[in-house]
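Below is one structure, written out as structure tokens, with a few remarks after it.
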Amino acid sequence: MQSTTLKLPTAFAEREAQLLATFAMHSSQTAGRRHPEPPHPYRGPFQRDRDRVVHSAAYRRLSAKTQVFTGEMGDYHRTRLTHTHEVASVARTLGRSLALNEDLIETLALIHDLGHPPFGHAGEDVLDDCLKSVGGFCHNAQALRIVELLETRYPEFPGLNLSLEVLAGQQYRARKSLPSSRAGEGQEARCCLLEVQIVEAADSVAYDTHDADDALELNLLVLEELLETPLWAEAARRVGARYTNLDHGELRRAVLHELIEWQVSDLIEQAIVRIAAKPLSLSAAGKVGSENRDDVLIRPSDELAEQKTQLETFLFSRVYRHPDVLSHRAHAQDALRELFARFIRRPDLMPENFLRRIASEGLERSVCDYLAGMTDRFAHQVAVSS
Ligand code: MG
């Protein structure tokens with residue numbers, strides 16, 4: 001990576017010096033951007049990154065993309081955008097509690113699912129299959145393509161030209177999600193900044209909580225079934241110690257609040273202990289010590305981790321593989337597969353910017369970039385417009 005030194009306004013650097021821990025990623029220590037830019041007069045580099053993501057087309061499209069349940073199933077459940085906001089909210093709480101860089105954390109949270117295609121993981125599986133001869137498709141890697149290439153908002157450079165720490169954080173996610181057979185030599189996931197680890201943990205807190213809530217609202221589950229899982233049973237016990245005579249709805253909402261509060265508190269307590277045990281390996285640059293960079297410090301206690309795994313196993317079999325969900329999944333996958341075949345046959349039907357990139361990116365990848373950027377709604381419209 002190229003490196004460039006940024007000179008920040010003194011007030012900004014001083015503010016971070018007062019508020020952030022020595023092991024946080026301070027803006028004054030950034031390695032800069034791939035395309036060097038002068039510092040902004042009053043926004044720090046990660047604050048600028050966050051603003052660039054919020055103003056991007058890919059970010060807005062998250063509002064009409066599936067998280068787990070498609071739009072035809074109702075209006076209550078999470079979209080990819082509201083999930084992203086829940087992750088950012090939890091991540092900022094964790095970050096502030098540990099005196100880490102909230103601007104960097106928020107940027108990482110806002111881009112973490114930016115690469116999801118229409119129809120969530122169902123769409124991802126189709127595109128991965130369609131692209132298997134040219135490296136496959138992974139939403140975490142696609143988020144990098146979006147912020148480095150596909151967004152065209154500035155005349156001076158492709159993409160959003162985000163800070164190198166933001167790109168490195170998303171690269172970590174992309175490498176971590178690769179099956180070992182696809183990970184190249186020396187390309188194994190390295191855990192770097194604590195701000196990156198925070199977003200990973202917050203993503204897990206958010207989806208473990210809201211996927212169950214959405215499934216209840218959609219009547220794919222009943223509360224009594226969830227209360228049989230150890231995680232929900234313990235959260236309900238804690239709620240019961242504070243309240244009596246809650247009705248069904250009140251109990252459900254109280255347990256959801258407790259689940260988030262419990263997981264976040266556990267992460268903070270565990271992180272404080274782990275960070276305190278490794279004071280010398282946390283350098284002033286905020287990086288986990290080079291002698292043991294794979295050590296994840298932001299993770300739940302072993303007991304809570306076990307209970308989260310049990311809940312995820314339950315959700316996988318009872319919710320993600322529910323016949324209603326599978327039916328929507330199959331329909332969406334058929335539509336996306338047909339769209340891929342159509343644009344491979346007739347790439348001239350794609351917008352000019354995707355057509356132009358075929359020369360450098362290849363036909364399959366360019367068609368995939370076009371399809372992956374679609375919202376669920378737009379993909380359905382295009383599918384029926386043949
Ligand atoms: Mg996520």
Side-chain angles (χ1 to χ4, degrees), residues 49-50 53-54 56 58-71 77-95 102 104-125 127-128 137-147 162 166-178 189 191 193-215 256 259-260 263-264 267 296 298-300 305 308-309 311-313 315-316 319-320 325 329 332 372-373 375-376:
D49 292 336
R50 188 267 320 278
V53 175
V54 167
S56 70
Y59 179 75
R60 288 193 297 279
R61 291 194 193 113
L62 294 178
S63 67
K65 291 194 175 198
T66 290
Q67 172 64 23
V68 172
F69 309 106
T70 56
H77 58 263
R78 276 71 173 173
T79 65
R80 195 58 69 177
L81 183 66
T82 62
H83 160 71
T84 296
H85 281 296
E86 291 187 27
V87 173
S89 169
V90 170
R92 284 183 62 114
T93 297
L94 289 166
E102 287 181 58
L104 174 57
I105 285 171
E106 188 171 8
T107 307
L108 289 164
L110 297 185
I111 70 166
H112 91 281
D113 272 351
L114 209 56
H116 266 289
F119 317 127
H121 288 287
E124 180 169 37
D125 291 346
L127 292 181
D128 189 39
F137 177 87
C138 163
H139 75 269
N140 286 317
Q142 189 68 12
L144 281 170
R145 283 182 70 74
I146 289 169
V147 299
L162 302 179
V166 175
L167 300 181
Q170 187 62 27
Q171 280 161 0
Y172 167 70
R173 283 183 65 86
R175 289 194 188 121
K176 201 158 88 83
S177 60
L178 273 180
C191 205
L193 299 174
L194 292 177
E195 283 83 354
V196 177
Q197 298 184 26
I198 289 271
V199 175
E200 293 285 299
D203 192 21
S204 173
V205 170
Y207 62 65
D208 272 354
T209 309
H210 68 44
D211 286 357
D213 180 44
D214 286 350
L256 287 165
L259 280 172
I260 294 178
Q263 290 182 81
V264 169
L267 283 166
V296 177
I298 313 295
R299 57 187 163 84
K308 281 167 67 69
T309 301
L311 175 70
E312 288 162 11
T313 303
L315 290 174
F316 183 84
V319 175
Y320 308 143
V325 175
R329 179 184 167 92
T375 61
D376 295 8

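Numbering of ligands and ligand atoms starts at 1, following listing order. Keep in mind it's a predicted model, so treat the numbers as computed, not measured.
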Item to complete: Check whether any side-chain N or O of Gln263 sits under 3.5 Å from a backbone N or O of Leu259 as a donor-acceptor pair, and report yes or no.
Response: yes
Worksheet item: Looking at CG of Leu81 and CD of Glu86, how far apart are the two atoms once the value is rounded to the nearest 0.5 Å?
Response: 10.5 Å
Worksheet entry | Basic-acidic side-chain contact under 4.0 Å: Asp113, Lys65 | no
Response to the item:
One should read off an interatomic distance between Leu267 CG and Thr93 OG1, to the nearest 0.5 angstrom, of 11.5 Å
Practice prompt. Mind checking the CG-CG spacing from Leu311 to Asp211? Nearest 0.5 Å is all I need.
Written response: 9.0 Å
Worksheet item: Nearest 0.5 Å, what's the CZ-NE2 distance between Arg92 and His85?
Response: 12.0 Å
Worksheet item: Under 2.8 Å from the Mg ion (ligand 1), which protein N/O/S atoms are there?
Response: His83 NE2, His112 NE2, Asp113 OD2, Asp203 OD1
